[in-house]
*Asks:* 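Dropping the structure in here first, questions after.
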Amino acid sequence: MTGRARRVVVVGAGAMGKAWIDTVARRPDLEIVGLVDIVADAARAAAVERALDVPSFGSVDDALDALDVDLVVNVTIPQAHLEVSAAALRAGVPVLSEKPVTPTVAEALLLSAVSASTGTLMATSQSRRHSRGIRAFRDALASLGGAEQLDVRFFQNPRFGGFRDEMPSPLLVDMAIHQFDQARYLLSSEPVSVFCEEFSPSWSWYRGAAAAEAIFRFADGRRFSYSGSWCADGLTTSWNGDWRGNAAHGSAAWDGETDVVIQPREGGAQAAVLADGAEGLDAALAEFVAALDGGPVPSGEITRNIGSLAMVEAAVASAATGAPVRFDDLFERASARAEELARAGGFDDAVGRLGSDPRRAS
């Protein structure tokens, strides 16, 4: 696209919405032309706080009717993601959404079908894929032959208050998708089964289970293990976790920030050099805009991202049943449910796009 800046509407005016406003504002090729929040006063307040002279709306439909829009950034609560993103896609407006792209795999399959049927790009911002540290760690593992055993320890102690304190599975549903998505990125493979247990330590301040242990088996026999807690006071890890990968020719570790250490089978340990590059939200947005300009499909494109959401759903299901969950079974059930949702929700144009296995596009 040449000439004028792309016109952007940000939907959701909470803390993350404001972070996205700032991210968009840093790009001269993008222009925020409207803010949306179900609480109209919140959208107006965010505009004033960020010194934006733009209109505010109570729904994305109102914004799309009133404005010429080139891009929607969806930062609403997960339960609103399907409705907001589908409305934009049906209007022919590309969408970059906060994670999770939808609360369930079935809804994500439906939204992917809407994206395909309209020919409009839909992607999720898995911003923790985009860091200098994880890129260096992935390169280190590749240089050793690729990790066949990968593990992460995630221990943090946030006192959020609000809805997270009341969620049934706060760690797995609200946080673990980051590490699960990072594992898919690091292994360049897809999981085939998982066994997971979730629980709460006696001192937990969450109503739901805030700790979990999970082992994923991947298609090529690789294993990924996750050990995490959201109520771990003392010796906390980074928010990306503390990683180690074992490969045929040595091992590598990453502290989740900037320290990547590699040790070949023969030789001493050495620090990896981190290359420069955009990180976090800025990198996710840059990747998306580049795709709109004819560049590569973004790593968070919805069909590619469904595998990460499926890891969350499968882990929760395994913890609930006490048995391993096969991803083939999960996708079979989710596909049937997606067709039910499509027919009930008036998405008849998308039904013909349902049924393909999203893991082939990852």
Side-chain angles (χ1 to χ4, degrees), residues 10-23 37-39 42-43 45-46 73-85 97-108 124-129 152-183 194 196-214 226-242 256 280-281 284 300 305 308-320:
V10 178
V11 187
M16 277 305 300
K18 293 173 185 176
W20 272 106
I21 290 170
D22 296 340
T23 302
D37 197 283
I38 192 170
V39 180
V73 180
N74 185 354
V75 206
T76 57
I77 61 173
Q79 290 74 18
H81 281 187
L82 174 60
E83 179 182 357
V84 169
S85 295
S97 174
E98 258 300 318
K99 64 83 189 170
V101 67
T102 58
T104 69
V105 173
E107 291 171 312
T124 314
S125 167
Q126 291 285 176
S127 57
R128 293 180 186 273
R129 273 193 181 210
V152 63
R153 297 169 60 254
F154 174 86
F155 291 91
Q156 275 287 345
N157 57 351
R159 266 77 170 177
F160 292 115
F163 72 93
R164 292 181 181 88
D165 287 5
E166 303 300 321
M167 290 174 65
S169 301
L171 178 70
L172 287 177
V173 171
D174 198 64
M175 184 66 210
I177 191 171
H178 286 301
Q179 284 74 46
F180 294 173
D181 182 72
Q182 287 169 317
V194 61
C196 178
E197 292 184 340
E198 62 174 353
F199 55 96
S200 282
S202 60
W203 61 87
S204 175
W205 49 91
Y206 294 88
R207 181 182 297 275
E213 305 283 340
Y226 172 89
S227 178
S229 174
W230 247 0
C231 47
D233 287 325
L235 299 178
T236 55
T237 66
S238 83
W239 277 87
N240 282 314
D242 188 13
L281 301 185
N305 180 252
S308 299
L309 180 60
M311 290 178 75
V312 174
E313 195 164 302
V316 171
S318 176

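For the numbers below, each heavy atom of this structure counts, side chains included, while hydrogens, waters and symmetry mates do not. Positions are given from 1, in the same order as the sequence printed here.
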*Asks:* Please round to the nearest 0.5 Å and tell me the distance separating atom CZ of Arg164 and atom CZ of Arg159.
*Replies:*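 The CZ atom of Arg159 is 15.0 Å from CZ of Arg164, to the nearest 0.5 Å.
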*Asks:* Mind checking the CD-OG spacing from Glu213 to Ser229? Nearest 0.5 Å is all I need.
*Replies:*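 Answer for the CD-OG pair, Glu213 versus Ser229, is 9.5 Å.
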*Asks:* I want to check something: taking the side chain as every heavy atom from C-beta on, are Phe155 and Ser227 in contact at a cut-off of under 4.5 Å?
*Replies:*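 Phe155 reaches Ser227 side chain to side chain.
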*Asks:* Taking the side chain as every heavy atom from C-beta outward, state whether Cys196 and Leu172 have any pair of such atoms under 4.5 Å apart.
*Replies:*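 A side-chain contact under 4.5 Å exists here.
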*Asks:* Could you check whether the rings of Trp230 and Trp239 sit parallel, tilted or perpendicular, using 30° and 60° as the cut-offs?
*Replies:*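 The rings of Trp230 and Trp239 stand perpendicular, inter-plane angle above 60°.
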*Asks:* Taking the side chain as every heavy atom from C-beta outward, state whether Phe180 and Val312 have any atom pair closer than 4.5 Å.
*Replies:*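 They are in side-chain contact.
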*Asks:* For residues Asn74 and Trp20, determine if any side-chain heavy atom of one lies less than 4.5 Å from a side-chain heavy atom of the other.
*Replies:*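 No, every pair of side-chain atoms sits at 4.5 Å or beyond.
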*Asks:* Less than 4.5 Å apart, any side-chain heavy atom of Thr76 and any of Met16?
*Replies:*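 A side-chain contact under 4.5 Å is absent here.
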*Asks:* Check whether any side-chain heavy atom of Ile177 sits under 4.5 Å from a side-chain heavy atom of Gln126, and report yes or no.
*Replies:*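 Touching, per the 4.5 Å side-chain cut-off.
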*Asks:* Salt bridge between Arg129 and Asp181, side-chain N to carboxylate O under 4.0 Å?
*Replies:*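 Yes, charged N to carboxylate O under 4.0 Å.
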*Asks:* Please report the interatomic distance CZ(Arg153) to OG1(Thr236), rounded to the nearest 0.5 Å.
*Replies:*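 So the gap between those two atoms works out to 11.0 Å.
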*Asks:* Can you tell if the side chain of Phe154 reaches within under 4.5 Å of the side chain of His178, non-hydrogen atoms only?
*Replies:*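 No, every pair of side-chain atoms sits at 4.5 Å or beyond.
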*Asks:* How about Met167 and Asp174: do any of their side-chain heavy atoms sit closer than 4.5 Å?
*Replies:*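 Of all side-chain heavy-atom pairs linking Asp174 with Met167, at least one is under 4.5 Å.
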